Amino acid sequence: LLSFRAAQYACTLLGYTLQKNGASADFLARIKQLEAHMSLGRKLFRLGNSADALESAKRAIHLSDVVLRFCITVSNLNRAMYFACDNILWAGKSGLIPHMDQEKWSQRSFRYYLFALILNLSRDAYEIRLLMEREACGKRPKGSETRHALREDGSLQQLLLMLKVKLHLLVHVLRSNPPLLVDVVKNACDLFIPLDKLGLHKTNPGFVGLCGLTSSVLSILTIVHPWLKLKP
Amino acid sequence: MGCYGNCCARSSLSSVRVETRPEVEGSGPGSPGRSLSVCPGGVKKWPRRPESRHCRKLRGSPGSMEAFMNFTNQTRGRDRLFRAIQYTCMLLSYLLASKADKEMVIMKLKQLESSMRSGRKLFRLGNIVHAMVAARRTTQLPDLVPRLCLTASNINRVLYFICDTVLWVKSVGLITDIDKQKWRNWATKCYYYSLLMNLTRDLYEISWRMEQVAQREKAKKENSSHCDEEDQDLICMGTGGLQPFLLLLYHALRKHPPLLLDTVKNLCDLSSPLDQLGIYKTNPGIIGLCGLLSSVVGIFTVVSPHMKLKH
């Protein structure tokens, strides 16, 4: 599934770059057709994913941490709704439902996808915050000294230094937790797709293709190396 | 983009009717096997060889290959289900073709069938690697006849998937100057040969199991004076004839359901290429029914893995 997603977004990116560089219309049409073919094929094979997402939501209810429980469950519920809309879109595109407002259903599905991604990112932010706090607690003996020294300086400089310390901490936390880093980058890249499709933050199709391709490649990496998958 | 499915005439999509099962006889790594050792007296025994003999890891990079297999396994179950739906649609549209006021339903069924077909085509793109891995695995089988048959079958499947990929490229419109008819013909032939090889292997297995059952019953008859109902039936096999042969066949298959399932699957799959190659023309209804039956058996073997025929 994911390799075709990667291929589909690669086609989008390729089509956009070729269009900018003035390739033949016939070739562009072929790439678009290939992309549409892949999209429809993927939609077919996603027909069962609603049930999978509901199962994941059911499992996530038993998590111990409240924030995680909330984020993951609601995210999976949104994903289930996204897949349901996607299935209806497939039926419409295959001609099974004749008079269907495809645009409306497409917008709906992207809205659910956006909510799911926002929740995923909130979960990532929460995890990062927890880890940063843990790291900061470990370094408190050192940190308190610098903080005493900082209090004497001007407030702006103090703020900048604090930001710098926080940034260093963030980089350290992300570097020592590759699954979290991969998940953050993946969700951030994925975020641009519904933002563009819903018109909230319009970019060009090439950028959307690049984001989609990156997130697909990262997903493939998490399957090939299962230790990279973020476990709740 | 659902129109591309409708534009193709049914015969042009028939290449997709030539389905095959990615997991046929190239069962997963570590599958326990049984082997056939010929004792000096020529009597075939059935010892349980240790698993290590059969669980040979693939040479090369086992990690990446296994990851690829896990990756593609997720879509396998769904592919079976969509295949079943596809053939059900074919069967239903044939059955309803004679009815007058069902044109709308028939059109919908045909649309569903074509969208299933084209969607599945996309996901068959990785099956070349599957078939090559299976071919490599079957060259390491201990018994000669299964080794030859299954390796030949898997090589034919590789060729079939190559033809299938070329046809997909043509249908998507990436390369337009491809002789569809020629490639489809080759694809059908490769699939047909691979099914024949599978059936040969099935027949070989059935024959030696029948022999095994016969010898066991003969030994039992000689050792015990009390014969029960079953033995009475099998005793008359000594006299020859069709009925004892069928009874022997029935007993052999009853004890080995995976073999029965595999034979049924191969026979059902044979109907489609036979029709396309013109060897034995039937109607779409029978092809749909056979395809549905083989898909159901395939789903069953995915759901209950112990029903899958192993080496």
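Here is the naming used below: chain letters follow the sequence lines, and residue numbers restart at 1 for every chain. Keep in mind that this is a model prediction, so the values were computed, not measured.
When all heavy atoms of Phe82(B) and Leu44(A) are compared, the closest pair comes out as CZ-O, 3.2 Å.
Contacts between Asp26(A) and chain B at a heavy-atom distance below 4.5 Å are absent for every atom of the residue. In this structure, chain A has heavy atoms under 4.5 Å from both the backbone and the side chain of Met116(B).
Under a cut-off of 6.0 angstrom, the local environment of CZ in Phe115(A) is sparse, with at most 12 non-hydrogen atoms contributed by other residues, nucleotides or ligands. Around NZ of Lys229(A), the count of heavy atoms belonging to other residues, nucleotides or ligands within 6.0 Å does not exceed 12.
Heavy-atom neighbours of chain B within the stretch residues 62-89 of chain A, taken at a separation under 4.5 angstrom, are nonexistent.
For Tyr94(B), the side chain to side chain contact (heavy atoms under 4.5 Å, CB included) criterion is met by Asn283(B), Pro284(B), not counting sequence neighbours.
Annotation: the span from Ser171(B) atom OG to His37(A) atom NE2 amounts to 4.5 Å, rounded to 0.5 Å. Remark: Lys108(B) NZ to Leu96(A) CG distance equals 7.0 Å, nearest 0.5 Å.
Ranked by heavy-atom pairs under 4.5 Å with chain B, the list Trp90(A), Phe27(A), Phe45(A) is led by Phe45(A).
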